[in-house]
Amino acid sequence: MASCNSPRWPRRWDFWVSALFLNFSSGCMYDYGTYSAAVKETFGLNQLETAMVSTAAQLYLAIMAYPHARLLERLGTRICPLIGCAVMSVSYVMLLIQLLSPMIAGKPGAALLTCLLGLGFTGTALSVGPSYQRAMQIFPQSAGLATGVLKCSIGAGGSVLPALFFGLRSSRPEDSEQAVKFFPGFAGIFMAVSILAFAATQGASSGYEKHDSRRIMTSAFILVLATIFATASSLPMVPKAGAGQLLAAGSLLMTMLLLAGNCCKLDANLEDVSLRQTSGRLEMHVTLNQALRTAEYWMYLVVNFINCGSGQLVVSNISQIAASLQVAESESLVCMFAFSNMLGRLGFGIAVDALAGRRTSRTVLFAVTNILGAAGQVLFYVAAVTMKPVLLYPATLFVGTGFGGGFTTFVNICSARWGTETLRGTWTFLDAISNCGSALVFGSLLASYQYDRHADHSNHCIGKDCFSMAHLITAACNLVGVLLSLLLIARHSQARQIRHELSDISLSRTSRTSSPLVRSNS
């Protein structure tokens, strides 16, 4: 492999830190549970209506999944993030105004908030999606690990940024409803700066340096430390004043070290490596329109839909699940979910690389994520029927780990099955449909139906009947996801042949004859 000169700017590590913080910031953009209670009180909603605010916003994102994917295929990874930044910034400014001083009150005001939140989600999706494709292209021999750490940083951001927001102010979400309303604006500022930095580093060149994996793992280690500090600062036994502030400050320090450390990295012996030459096999090039015509593509969508549903049930209702068992400190569960989500993304990213090139299909990891989801939902059910709040913590850990692991597994499977060059289209569509659709079915309809049936006149529910049946049904769905994963593994050879034929057609249409390609049998 020939050595190549690393440009002074943007370098690969400039891109890495911008992509890392882009995903880090997006971790709290979807963290509706942090301020959902404030939305409920501000607009006088019941539990179903409160959950539907976020779910309807994500449903809009799902409806727009195909146009988004096609837009990403046509405009590429440089222009789409800038468009996303503009859309997200305008919508979140209006959302903050609507929360603090509602332009429209009551349910119509909540509908307006939903529209603004949907536009914000749209801008975020346009910005974050391209980061995984570029990471695989810029770090070709550490692609699985790189995407795993990027996915891991989403979970870290979901834990660290809320801890910084509340910890440095010496308050908890339940202490001040007015203060909680500023959280979307706080998250939006981080996101806008990260998007602009990411767009500016798109010119980074691809390459390989022997310490790439170690450097990427160092980033993950610092992320874990920052998240540990953040999670500890949110625990009920830690006083917000004093120890809580100190832990939040430690989390901020770790985050700053992550930023400074990556920006100072140099590629002393950068080698020019083609992405398609790293595996010795021919990479697929299946477009979104081609993939949509295959049964395999839709089966993966269903598996991911179920896995996401298990997490969406918890993340969309975590405050109300805790309150139903008379647990006042829901912030610790929010941070624990984000922390386990982060560890799942990192751990399964490492597992994806470990299985690459082996006879064991990486789809088996989807079976594992659904098993974890089922175990967590059973623990939630037992906690509800026995009224033992202590079981909420291991339940949150299991569900969060399976939920996070599914994201990393999914993006790498999309790359292996349909190609890295078309990833921004094939993955964006699948991710939006399965994640947002599951938020509607599991996060809102399934969870809220039972809750509202047993709620009092103030729309609050206490006791075992609030969520128990929803957890049991979700656990059964997770077992269906396990069976579908095994079915995908069983028919892998047949599906691979179909993908080869579609890839040959796609390549012939685009006249890609500059270099021989090697087929991927992953």
Taking all non-hydrogen atoms of both residues, which atom of Leu99 and which atom of Pro184 are closest, and how far apart?
CD1-CG, 3.9 Å
Nearest heavy-atom contact between Leu96 and Lys181 is CD1-O, 3.2 Å
With a 4.0 Å cut-off on N to O distance, would you call Arg499 and Glu296 a salt bridge?
yes
At their closest point, which heavy atom of Gln312 faces which heavy atom of Asn317, and how far apart are they?
O-ND2, 4.3 Å
Please tell me whether Phe403 and Phe337 form a close aromatic pair, meaning their ring centres lie under 6.0 Å apart.
yes
side-chain hydrogen bond (donor to acceptor under 3.5 Å, both in side chains) pairs touching residues 373-388, sequence neighbours excluded, are Ser310-Gln377, Gln377-His471
In terms of heavy-atom contacts, Pro394 and Val390 come closest through CD-O, 3.2 Å
Any donor and acceptor pair, going by atom type alone, linking the side chain of Ser468 with main-chain N or O of Asp465 inside 3.5 Å?
no
Should Thr409 and Arg345 be marked as a side-chain hydrogen bond (donor to acceptor under 3.5 Å, both in side chains) after you check the CA-CA gap, both sets of side-chain angles, and the distance that decides it?
CA-CA 8 Å; Thr409 302; Arg345 293 169 192 244; over 6 Å; no
So that I know where these two stand, are Phe366 and Phe410 an aromatic pair - ring centroids less than 6.0 Å apart?
yes
Taking all heavy atoms of Asn478 and all of Asn307, pick out the closest pair and write down the distance.
ND2-CA, 4.3 Å
Under 3.5 Å, side chain of Tyr66 to main-chain N/O of Phe429, donor-acceptor pair present?
no
Side chains of Asn304 and Ser434: any donor to acceptor distance under 3.5 Å?
yes
Looking only at heavy atoms, what is the nearest atom pair of Ala383 and Leu391, with distance?
CB-CB, 3.6 Å
